[in-house]
Amino acid sequence: MADGVGLLSGWSAEPTEVTSYVGRDAETGEARRLLEAASLVTLTGPGGVGKTRLAWRIATAHREATADDVAFVSLAELREPALLVPTVANVLGFGDRSAKPAIDVVVEALRESRLLLVLDNCEHLVESCARFADTVVRECPQVSVLATSRQSLGVAGERILPVPPLAVPEQGDSFERAVNYESVRLFVDRATAVAPSFRLAESDTEPLIRLCRRLDGLPLAIELAAVRARVLSVRQLADRLDRQFSVLTKDRRGRPERHETMRALIDWSHELCTGPERLLWARASVFSGSFDLDAAEEVCSGGDLPREHVLEVVDGLLDKSILLREEYPGGVRYRMLESVREYGAGRLGEAGGTTEFRKRHRDWFAELSARYAAEWLKTDQLAWIARLRREHANLRVALDFCAGAPEDAVVGLRMLRDVKEFWIIRGLVTEGRMWVRRLDETAPPGVPERAWGLWLSGFLAAVQGDMSAYRILVDRAAIEADASGDELAAAYVLHVRAYAALMGNDMSEATRLFGAAIDLFRTHGDEGAEIWASYNHGLAIALEGDMERGRAVLIDAVERCERRGELFWRGWALWSRAAAEYLQGDLSVASHCCEQILRMHARVDDRVVVGFTLIVLAGCAARTGHPSRAATLLGGAMNVWRTVGAWPNRYVAFTEPLQADTDLVTAAVGLEVATKNFADGSAMSTGDAIAYALGERSPEPRKQAARVLTKRETEIAHVIAEGLTNQEIADRLGIARRTVDTHIDHILTKLGYSNRVQVATWVTRTAEPA
């Protein structure tokens, strides 16, 4: 599993702490039983019934009982079905650097993992969630999926657990009996939280029962009502709710449906708000996820809500539990529960303000993107990246708005240009390409911003190994840049072409193109791009054969990053120096640069550069007489590469040296020992592999079965040894050709091999009988 996978924080769908649970013992036990019998369990029920909170409780209990990893993926903020799988991959810590479909990358990474994957709030993405969950549980036998949704996913084998409201007391129950019901316990818990002096008396029994029954035991309704315990007695609260709900039931028999109960309760909360509070509630619904005070003041003010009053109004909505407070390093942010946000969005739509305030929202984040571009090299990069991560859901909403009209698409392309490093550093490759495609399709012809979107998408395509798309995109970017006379965009096109040449081991072309790009970057004062191109330029020069000149360029690039306090390109500049020294120069310098990179990883989470770094360190170990260490490091590197969805052999310059180092190791210790060392390394997490590389831990024996391969992979390896083709293997085993291809990829990766002959030799010498 990738580092960071576990019971994740980010409790976003309920107003209280994740660890604060009331009731639900029976449902938790039943869900645990179902998860033991089925790989997919869906908690269903109306909004406000407590599905998310119950999912957290089940996940916590599951982890405590099994020690399995647990990943919690909140989908409430996601609007694009196409981003479902990349979002899950991002939460799991898996990269997105493969041209394969994202579902294949996730399945390959999870195939041998023990994991409970929680997909929360699936109802607006139900078809996409159904396809994803079905694929995962079929292809990953040790992964279970727990979903929450207002409707079932409709997948074969799915077990459905309806989530009922909390139990409510019966009319006439005694005080002692009533206070033991879950709904009453939740009300008391939340009322005490807002009014510490709150106490129930026996005289409260009748109105308390009436109140909980009136709210149908819906947790969200109870929590919203409990806020009023600060100013109302239990009897006053119950009486007011009776009057409020009488309008709903006046002309119908019986009680209202539960969704109507929830609507009536939120209606009542809305009526108790002041006029400015209602305005802010509606206008703030354009945010996705959380937002800060500056954003609220800019986006939501105006008319009857002056900017200088926004803070006071935010405080009022916090007091009424309409807004929830979240603390982050250096600041506070606010969010709404999804049901409350949907209500506000409905009110905004009724008032005809949706387009106006979505545009104001977009403008705020366009301005934020421009500030990021201006300050990227001048201020704290880590703080900026952390902020953009928090604003990711809002960036998505803003870009979605931009894709709706030609003039707005131009703004969206400008936003993509301004935060270009975010997509690259965070590994959001598929998403970045999706936004470029949507905005390119919408923007009017001839706008200069199009060239920027196209070169960015071309670069991301090259990163994924999608070279046919890369060529189309950069050719179009070059035409657009030339047509608009944008020399800086043309410089980026040269840079992307140079990067592709570097990947393809055409060092003379890479050197020429990087040099031309750097001249233009320098002319236009784009220092960030100049640094980015310089370390690639230095590596190309060194690998072309001029080691001294290449080394000088690389040293200068590293020093410029250090003077600037730049972190992200510094790691790559150090790696480029390490790679050049490893392939052409001083192995001790290469190792020292690698150690610096790995010590930076705690601050800069970039597993791609870590994967490259471990490969260089493995090569250095192989060439300096430490074959077992080399094999272990190579195993650790391959596991890192697996989590980022790519492989180092995409970079042609490393193919032969990697094979040569593997041969050195095998010759020194033998295939059996080398395979064992590789397996030990591949069992390490990224953090453990870094610690081992830095000499801070020793390799531990592989915790899985003695064989390196799974039972199916071992079976296929034996058939490979018979000389059968992939199609013949598929026919014999009765499985799809694509499945065979995937298994063989895994076999080659796990054994550190590059061809089928090596697999056949491994079978002959070391493999156990299938």
Chemist: Starting from the C-alpha separation in whole Å, work towards a yes-or-no answer on side chain to side chain contact (heavy atoms under 4.5 Å, CB included) for Tyr692 and Thr632.
Modeler: CA-CA 9 Å; Tyr692 174 75; Thr632 303; 3.5 Å; yes

Chemist: Hey, is the main chain of Val299 close enough, under 3.5 Å, to the side chain of Arg360 for a donor-acceptor pair?
Modeler: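 Yes.
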
Chemist: Looking just at side-chain N and O atoms, do Gln464 and Arg433 make a donor-acceptor pair shorter than 3.5 Å?
Modeler: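 Distance-only check passes for Gln464 and Arg433.
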
Chemist: Ion pair present between Arg570 and Glu559, side-chain N to carboxylate O less than 4.0 angstrom?
Modeler: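 Looking at Glu559 together with Arg570, the answer is no, because their closest N to O distance does not fall below 4.0 Å.
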
Chemist: Going by an N to O cut-off under 4.0 Å, is there a salt bridge joining Arg79 and Asp400?
Modeler: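 No salt bridge links Arg79 with Asp400.
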
Chemist: Apply ring-ring contact (aromatic ring centres under 6.0 Å, His included) to Phe654 and Trp641, showing your working.
Modeler: CA-CA 14 Å; Phe654 282 86; Trp641 280 102; 9.3 Å; no

Chemist: Going by distance alone, is a donor N or O of one side chain under 3.5 Å from an acceptor N or O of the other, for Asn536 and Trp572?
Modeler: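 There is no such pair (donor and acceptor under 3.5 Å, judged by atom type) between the side chains of Asn536 and Trp572.
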
Chemist: Distance-only, no hydrogens or angles: does the Asp292 side chain make a donor-acceptor pair with backbone N or O of Tyr334 under 3.5 Å?
Modeler: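 Checking the backbone N and O of Tyr334 against the side chain of Asp292, no donor-acceptor pair under 3.5 Å is found.
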
Chemist: For the pair Glu581 and Arg577, find out whether any cationic side-chain nitrogen is under 4.0 Å from an anionic carboxylate oxygen.
Modeler: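 Salt bridge flag = yes for Arg577 with Glu581.
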
Chemist: Keeping the roles fixed (side chain from Arg551, backbone from Ala542), state whether a donor-acceptor pair exists under 3.5 Å.
Modeler: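 Pair absent, no side-chain N/O of Arg551 close to backbone of Ala542.
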
Chemist: Answer yes or no: is there a donor N or O on one side and an acceptor on the other, between the side chain of His626 and the main chain of Thr624, under 3.5 Å?
Modeler: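 At least one qualifying donor-acceptor pair exists.
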
Chemist: Please evaluate residues Trp532 and Phe459 with respect to the criterion ring-ring contact (aromatic ring centres under 6.0 Å, His included), reporting the C-alpha separation (whole Å), side-chain torsions for both, the decisive distance (0.1 Å), and the verdict.
Modeler: CA-CA 13 Å; Trp532 185 14; Phe459 175 78; 5.3 Å; yes

Chemist: Just wondering, do Val665 and Phe678 contact through their side chains at under 4.5 Å, heavy atoms?
Modeler: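 No, every pair of side-chain atoms sits at 4.5 Å or beyond.
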
Chemist: Please determine, by modelled atom types, if Tyr582 and Asp661 share a side-chain donor-acceptor pair under 3.5 angstrom.
Modeler: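 Note: Tyr582 and Asp661 side chains meet the donor-acceptor criterion.
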
Chemist: Looking only at side-chain N and O atoms, does Trp452 offer a donor or acceptor that is under 3.5 Å from a partner on Asp486?
Modeler: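 The answer is yes; a qualifying pair exists.
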
Chemist: What are the two closest non-hydrogen atoms of Leu513 and Ala498, and how far apart are they?
Modeler: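 Taking Leu513 first and Ala498 second, the nearest heavy atoms are CB-CB, 3.5 Å.
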
Chemist: Given the rule in the side chain to side chain contact (heavy atoms under 4.5 Å, CB included) test, do Glu527 and Arg522 qualify, once you have shown the distances and angles that lead to the verdict?
Modeler: CA-CA 7 Å; Glu527 186 177 6; Arg522 190 175 293 128; over 6 Å; no

Chemist: Any side-chain to backbone donor/acceptor pair from Ser591 onto Leu587? Under 3.5 Å, distance only.
Modeler: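 Yes, Ser591 side chain to Leu587 backbone: donor-acceptor pair under 3.5 Å.
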
Chemist: Checking Val397 against Phe365 for the side chain to side chain contact (heavy atoms under 4.5 Å, CB included) test, could you report, in this order, the C-alpha distance in whole Å, the side-chain angles of both residues, the deciding distance, and whether it holds?
Modeler: CA-CA 10 Å; Val397 169; Phe365 287 100; over 6 Å; no

Chemist: Please give me the minimum heavy-atom distance between Ala443 and Arg450, naming the atom from each residue.
Modeler: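 Smallest interatomic distance, heavy atoms only, reads O-NH2, 2.8 Å.
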
Chemist: Can we say Arg497 and Glu509 salt-bridge, meaning some charged N sits less than 4.0 Å from an Asp/Glu carboxylate O?
Modeler: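 Not counted as a salt bridge, because no side-chain N and carboxylate O are separated by less than 4.0 Å.
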
Chemist: With no hydrogens and no angle check, do the side chains of Thr511 and Arg549 hold a donor and an acceptor under 3.5 Å apart?
Modeler: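 Thr511 vs Arg549: no donor-acceptor pair found between side chains.
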
Chemist: Around Arg389, counting heavy atoms of other residues, nucleotides and ligands shown, do more than 12 lie under 6.0 Å from its CZ?
Modeler: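 Atom CZ in Arg389 is not packed in, count stays at 12 or less.
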
Chemist: Would a distance-only check, ignoring hydrogens and angles, find a side-chain to backbone donor-acceptor pair under 3.5 Å from Asn394 to Ser288?
Modeler: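 A pair under 3.5 Å: yes.
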
Chemist: Might you work through the side chain to side chain contact (heavy atoms under 4.5 Å, CB included) test for Arg560 and Glu566, ending with a clear yes or no?
Modeler: CA-CA 8 Å; Arg560 289 183 68 182; Glu566 203 284 333; over 6 Å; no

Chemist: Look at Glu544 together with Arg512 and state whether they make a salt bridge at an N to O cut-off of under 4.0 Å.
Modeler: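 Salt bridge absent between Glu544 and Arg512.
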
Chemist: Answer yes or no: does atom CD of Glu407 have more than 12 heavy-atom neighbours from other residues, nucleotides or ligands under 6.0 Å?
Modeler: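 Yes, because the 6.0 Å sphere around CD of Glu407 holds more than 12 heavy atoms from other groups.
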
Chemist: Given Tyr470 and Trp455, is the ring-ring contact (aromatic ring centres under 6.0 Å, His included) satisfied, shown in steps?
Modeler: CA-CA 9 Å; Tyr470 148 77; Trp455 78 249; over 10 Å; no

Chemist: Can you see whether Tyr492 has Arg417 sitting over its ring - NZ or CZ less than 6.0 Å from the centre and within 45° of the normal?
Modeler: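 Verdict for Tyr492: no cation-pi partner in Arg417.
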
Chemist: Salt bridge or not between Glu375 and Lys378? Use side-chain N to carboxylate O under 4.0 Å.
Modeler: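 The answer is no: the pair does not qualify as a salt bridge.
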
Chemist: Do you know the tightest heavy-atom contact between Ala653 and Asn505?
Modeler: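 In terms of heavy atoms, the two residues are closest at CB-OD1, 3.5 Å.
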
Chemist: Got a second to check how far Arg387's CZ is from Leu382's CG, nearest 0.5 Å?
Modeler: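 Rounded to the nearest 0.5 Å, the CZ-CG separation comes to 15.5 Å.
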
Chemist: Just by distance, no angles: are the side chains of Glu431 and His392 close enough, under 3.5 Å, to form a donor-acceptor pair?
Modeler: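 Distance-only check passes for Glu431 and His392.
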
Chemist: Do you know which two heavy atoms are closest between Ile541 and Gly550, and how far apart they sit?
Modeler: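 Smallest heavy-atom distance, with atoms named: CG2-N, 3.5 Å.
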
Chemist: Side-chain contact test, heavy atoms from C-beta onward, threshold under 4.5 Å: evaluate it for Leu456 versus Val496 and give yes or no.
Modeler: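 Leu456 vs Val496: side chains apart.
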
Chemist: Is Val286 close to Trp364 at the side-chain level, that is, under 4.5 Å between some pair of heavy atoms?
Modeler: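 SC-SC contact between Trp364 and Val286 ruled out.
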
Chemist: Please report the closest heavy-atom contact between Ala630 and Ala622, naming both atoms and the distance.
Modeler: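 Smallest heavy-atom distance, with atoms named: CB-N, 3.6 Å.
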
Chemist: Is any side-chain heavy atom of Ile518 closer than 4.5 Å to one of His537?
Modeler: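 They are in side-chain contact.
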
Chemist: Under 6.0 Å from the NE2 atom of His524, do we count more than 12 heavy atoms belonging to anything else shown?
Modeler: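 For His524, atom NE2 is crowded (more than 12 foreign heavy atoms under 6.0 Å).
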
Chemist: Nearest 0.5 Å, please: how far is CG in Leu634 from CZ in Arg629?
Modeler: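 These two atoms lie 12.5 Å from each other.
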
Chemist: May I ask you to check if Arg390 and Tyr328 form a cation-pi contact, with NZ or CZ under 6.0 angstrom from the six-membered ring centre and within 45° of the axis?
Modeler: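 Yes, Arg390 and Tyr328 form such a contact.
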
Chemist: Do His361 and Phe401 have side-chain heavy atoms sitting under 4.5 Å apart?
Modeler: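 When only atoms from C-beta onward are counted, Phe401 and His361 do not touch, as no gap falls below 4.5 Å.
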
Chemist: What distance do Arg437 atom CZ and Ser457 atom OG have between them, rounded to the nearest 0.5 Å?
Modeler: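 Arg437 atom CZ to Ser457 atom OG measures 8.0 Å (nearest 0.5 Å).
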
Chemist: Which residue is it: Glu327, Glu326, Glu391? I am looking for the one with a salt bridge (charged side-chain N to carboxylate O under 4.0 Å, His left out) to Arg333.
Modeler: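 With Arg333 as partner, salt bridge (charged side-chain N to carboxylate O under 4.0 Å, His left out) holds for just one option, Glu391.
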
Chemist: Once rounded to the nearest 0.5 Å, what's the spacing between atom CG of Asp519 and atom CD of Glu487?
Modeler: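 It is 11.5 Å, given to the nearest 0.5 Å.
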
Chemist: Atom CG in Leu554, atom OG in Ser534: separation rounded to 0.5 Å?
Modeler: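 One finds 9.5 Å between CG of Leu554 and OG of Ser534.
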
Chemist: Quick check: do Leu293 and Val332 have side-chain heavy atoms less than 4.5 Å from each other?
Modeler: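 Side chain of Leu293 against side chain of Val332, heavy atoms only: no contact under 4.5 Å found.
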
Chemist: Which heavy atom in Ala366 sits nearest to a heavy atom in Val411, and how many Å separate them?
Modeler: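 Closest approach of Ala366 to Val411: CB-CG1, 4.0 Å.
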
Chemist: Do Tyr372 and Glu421 come close enough that some side-chain heavy atom pair is under 4.5 Å?
Modeler: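 Sidechains of Glu421 and Tyr372: in contact.
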
Chemist: Go through the steps for Thr87 and Arg396 under the test side chain to side chain donor-acceptor pair (under 3.5 Å), then give the verdict.
Modeler: CA-CA 12 Å; Thr87 296; Arg396 284 172 167 170; 3.2 Å; yes

Chemist: Any side-chain heavy-atom pair from Met600 and Asp606 closer than 4.5 angstrom?
Modeler: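 Answer no - side chains too far apart.
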
Chemist: Rounded to the nearest 0.5 Å, how far does CG of Asp526 lie from CG of Leu520?
Modeler: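 It comes to 11.0 Å.
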
